[in-house]
Amino acid sequence: MSVMITGLSTRGGIEVLKKVTTAVTLTAGLALSVSANAEELRLLTWGGYAPQEVIDQFEKETGIEVKVTLSNNEDMISKLRATRGAGFDLAQPSQDRVASAQQEFRIYKPMDMSKIDSKPYIQSMLKSTQSSTTVNGKAFGVPHVWGTSGIIANLPEGQDSYRYTDLCSSDYAGSVSYRLKRPTLIAFAFDLGEDPFAAYNDVEKYTQIMGKVEEKLIACKSNVKTYWSGSDNLLNLLRSGEVTLAMGWDAGGWKLGDEQENIRYVAPESGALGWIDTFVLPARGQNDEAAYKWINFVNQPEIAAKITASAGQFTASAEAAKFVDEKLSKKYQASFDQAALDNIKWYPPVPAGLEAIEGRVLDRIKAAQ
Amino acid sequence: MNAFSSSKASGKKLALFLLLTPFALHLFFLILLPHLEILNISLRERVSYGIYKFSLMNYEAFFTEPLYWRTFLRTAVMSILTTAITLIVAFPVAWYIAKVVRGRTKGLLFLACLIPFWVSELVRTYGWMILLRETGVISNLLQWAGLAVGPVEMLYNDATVMLGLVYTSMLFMVVPLVSTLDGMDDSLVEAAYDLGGNGWNALREVVIPYAMPGIVSGCIVVFMLSLGNYLTPILLGGKDSLWFTDQIFTQFITRFNWEQGAAFGVLLLILSSLIVWLGLKLSRQSFSETMGR
Amino acid sequence: MTSDIDLSCTDLNKNFGSYQAVDNVSFQIPRGSFFSILGPSGCGKTTLLRMIAGFLEPESGGITIKGDSMLGIPPNKRPVNMVFQHLALFPMMSVADNIGYGLRRRKMKASEIKKKVADALERVGLPDVGDRAISQLSGGQKQRIAIARCLVLEPDVLLLDEPLGALDLKLREHMKVELKKLQQAFGTTFIYITHDQSEAMVMSDQVAVMNNGRFEQVGTPQELYYQPDTPFVAGFVGESNHFSGQVVGRNGDVVEVKTASGQVFHSIERIDTNLAAGDEVELFVRPEMIHLSFEPENKPENALEGEVANILFDGGNSRLLIREATTGAELQVVQPQTTQFRDVKAGDRLYLSWAASQSHIFRARGQSQTPALMQTVEE
């Protein structure tokens with residue numbers, strides 16, 4: 001089924017499938033840690049981040065076999081939490097989810113920066129990722145792939161720019177979709193003139209902002225066709241025209257743009273939400289050397305470009321742009337002029353406890369009739 | 001002689017012990033242990049990073065937060081409805097397979113009930129979505145036939161969820177029904193007619209009481225499967241689909257609130273067992289009798 | 001008695017595809033009689049019974065009960081009830097509920113049902129089993145409950161589909177007597193189908209012998225035994241020694257028959273009075289009709305000579321298996337209960353004889369039907 005195949009090659013594609021397996025593994029305990037072969041790298045990553053071509057090349061150069069497990073943010077944390085950081089040698093959670101998970105569950109080990117070849121990196125991104133993943137003075141992550149969430153529109157005569165709150169406009173009643181997850185709450189908060197990131201450490205203020213968002217989302221719930229649950233799900237809805245305006249990932253928008261001219265990915269006026277997926281070392285990983293080798297290997301510009309081609313997302317490798325497919329670069333430029341690029345809201349690390357506040361908001365929105 | 005017979009007896013004991021060991025191990029490590037761990041987790045409250053204390057807070061939350069118990073109630077009611085509909089749909093099918101057709105056709109019909117299980121639940125659900133969506137097969141067919149003016153959206157409502165659940169559950173109702181009905185002597189129905197009964201009271205007084213163990217075991221399985229289903233209600237139900245397993249999943253995976261999720265899990269186990277127990281009481285069946293057949 | 005006809009069937013036919021299961025059957029059953037239909041399996045007796053019960057509709061012909069046509073009337077509306085081969089007692093109901101089932105269908109008051117059920121249990125001699133489950137009953141008790149369940153409805157006709165088949169021999173013998181007594185006590189017309197001739201003979205007032213969808217003969221057990229109308233009846237009812245041959249002459253109503261190996265027999269013709277020289281015939285002699293002696297008899301009408309091959313000891317029913325001297329064929333002969341024959345042993349030479357009137361002669365049918373049960377002497 002095409003639905004599934006496209007799902008596998010995109011960020012968060014097989015979220016639904018993963019949910020099920022996670023639920024199963026969780027209940028089963030998964031306390032059995034399989035001893036890793038010295039010449040094996042067990043990689044916990046997103047769909048598209050480790051294309052076969054790159055794996056083959058890595059194996060050929062180093063002799064290390066790469067075993068890939070596809071996952072998503074919550075799933076990665078849950079898996080590592082269940083095993084207290086065992087079972088994998090390298091994982092790729094988003095940078096804002098590293099510090100709190102580390103504080104709460106101690107599932108990672110610090111990154112030895114001396115083993116990272118820092119030259120090919122976009123330096124600002126490397127620095128910000130290091131600082132946002134620092135716990136007790138030790139950095140836990142380095143950046144790998146980054147991207148944004150914004151608006152994907154499937155409209156013949158679309159506007160030049162959109163706001164997140166356009167998702168509540170009666171113009172698109174019944175043909176709107178977004179995820180019922182925290183990025184949507186954050187996006188609406190910005191559009192309502194608030195700065196949720198600034199309120200991250202102020203529980204009262206943050207609760208108040210979320211209250212405002214909740215009100216808005218409940219009020220326009222009737223606009224929503226369905227909440228999408230995985231990118232394949234979203235792409236299908238947009239492709240068929242059942243949904244004309246959605247909040248989604250840039251790569252998905254660009255991919256659909258290849259198929260249908262009408263479909264565009266737009267950075268909203270209040271700013272696209274920027275995320276960076278990192279490399280981190282699970283606390284009980286057994287082959288750190290191989291992990292460092294992989295990190296340095298995939299950051300070579302040519303390799304990074306291959307990953308961009310596979311995932312549809314850009315990487316933290318500065319020189320990679322030169323090797324990236326021209327079509328993708330053009331779409332990237334169409335979506336992001338310099339102002340839009342500067343306006344990207346990068347997720348700061350999520351303090352623990354925030355999810356509980358958001359969770360209650362999301363519950364109430366889901367339950368509202 | 002004596003020594004021989006006693007060694008033979010102990011040999012038998014050993015054989016029994018060896019035979020039971022894998023089962024006991026399975027029971028302990030894969031069923032009992034995880035559940036005890038879940039129970040343990042559900043009874044604690046996070047104080048700060050990595051520090052927990054004993055608390056019933058998570059159970060309190062279920063009863064004090066209307067969203068949670070309402071979601072459970074909704075899930076239970078929809079599962080019971082699903083079970084009832086599945087029974088009504090499956091009974092004639094089972095009757096047809098057990099009593100009307102013979103030989104090859106019987107096997108083929110059984111196979112037809114089995115075919116949906118050759119693909120994963122995800123694919124099956126996507127299949128329904130392709131059929132029922134606004135731009136889907138049925139919507140287009142209706143428009144082509146002139147029965148509908150615009151596109152018809154048949155996804156994302158409770159009826160669709162029910163449809164998906166019934167479809168998924170059919171086999172689990174048909175199999176126990178066929179096996180009990182197969183064992184029923186056709187002359188029982190004839191006797192009911194012969195003694196002055198009509199179709200309706202032959203069904204009510206003879207066939208249904210006879211098939212009761214099959215009906216009850218089918219209903220238990222279907223009810224539990226529906227209650228524990230995750231994909232179908234979420235994918236087919238859309239934005240308003242509230243399903244209790246989704247709550248558990250959300251607590252475990254997206255909220256990292258294992259404590260709350262574990263409490264929900266324990267509650268699901270207790271409450272669903274309670275419903276099954278009530279169902280058995282009402283139908284005057286005993287669990288061991290039903291499952292023993 | 002003949003004026004009170006409970007069941008009358010006229011020219012009944014039933015096909016299954018090209019197979020004629022019931023072929024032009026007509027009969028009448030007087031009120032209160034025990035009527036058996038006897039035949040080998042596949043003879044169409046079950047089909048006939050199911051047509052009377054209403055589970056099958058005849059292709060043509062009529063069924064009337066007490067003068068009312070039953071055609072097109074469903075089984076639940078007919079004044080007929082049936083005891084099924086495996087009894088078909090409802091396993092999930094108590095004994096009392098089983099018996100009350102038909103009464104409840106008649107919307108009878110609960111108190112009245114209770115009374116009738118108790119009464120029925122009393123009459124079948126099981127007054128205390130009302131609250132028991134069916135599975136707690138013995139085989140014989142089940143039989144009686146199945147019959148009570150039907151009789152409580154006071155049907156005009158009770159149909160019984162080989163209900164004794166599943167019982168062991170001892171119980172079966174006992175139940176035969178029991179059934180006959182029950183029938184007499186209730187005075188209901190019973191139609192009993194069976195392949196066991198002894199069941200039919202012991203219980204029935206009238207027996208119909210059925211073969212290939214047709215009635216061969218209807219009569220009392222005695223008539224069937226002593227005056228069979230067809231070779232099939234002669235062979236199927238009771239045991240017979242069988243010979244085939246050709247008519248060579250006649251003397252009044254005594255026909256002279258010669259077998260292929262040259263033996264000559266004499267028999268009185270009874271059914272077919274036109275036998276002439278050259279006609280192919282079949283001859284039956286019952287084992288008890290053959291007279292045995294150690295010396296040759298003086299001018300018997302029929303005589304054979306042979307030696308004892310085997311002794312089939314069965315108390316009063318003991319038989320001798322005698323190997324005939326000229327052909328080597330085996331004949332069954334009842335062992336006389338006299339001191340002279342008590343010590344007979346294998347190898348003894350014996351002389352066999354019988355009167356012409358003690359054998360039955362029939363014109364041979366195109367393809368002779370020889371039931372497996374009968375003793376055949378092949379030349």
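Residue numbers begin at 1 in each chain, while the letters A, B, ... track the order of the sequences. Values below: every heavy atom of this structure, side chains too, minus hydrogens, waters and symmetry copies.
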In this structure, are over 12 heavy atoms from other groups packed under 6.0 Å from [X] atom [atom1]?
| X | atom1 | answer |
| --- | --- | --- |
| Phe16(C) | CZ | yes |
| Phe55(C) | CZ | yes |
| Lys66(C) | NZ | yes |
| Arg104(B) | CZ | no |
| Asp168(C) | CG | yes |
| Lys114(C) | NZ | no |
| Phe23(B) | CZ | no |

* Measure Leu89(C) against the heavy atoms of chain B and call it side chain, backbone, both or neither at under 4.5 Å. => backbone
* Asked: Side chain, backbone, both or neither: which part of Phe90(C) has a non-hydrogen atom closer than 4.5 Å to chain B?
  -> both
* Structure fact -> Among residues 186-196 of chain B, those lying within the under-4.5 Å heavy-atom range of chain C are Ser187(B), Leu188(B), Glu190(B), Ala191(B), Ala192(B), Tyr193(B), Asp194(B), Leu195(B), Gly196(B)
* **Proximal to chain C - members of residues 170-177 of chain B, heavy-atom separation under 4.5 Å** => none
* Structure fact -> Counting heavy-atom pairs under 4.5 Å with chain B, the top scorer among Gln85(C), Arg106(C), Arg149(C) is Arg149(C)
* **Asn201(B), part contacting chain C, at a heavy-atom distance under 4.5 Å** => both
* Structure fact -> In short, side chain to side chain donor-acceptor pair (under 3.5 Å) pairs touching residues 73-90 of chain B with sequence neighbours left out are Arg74(B)-Asp158(B)
* Using non-hydrogen atoms and a limit below 4.5 Å, what part of residues 92-102 of chain C faces chain B? -> Met92(C), Met93(C), Tyr101(C), Gly102(C)
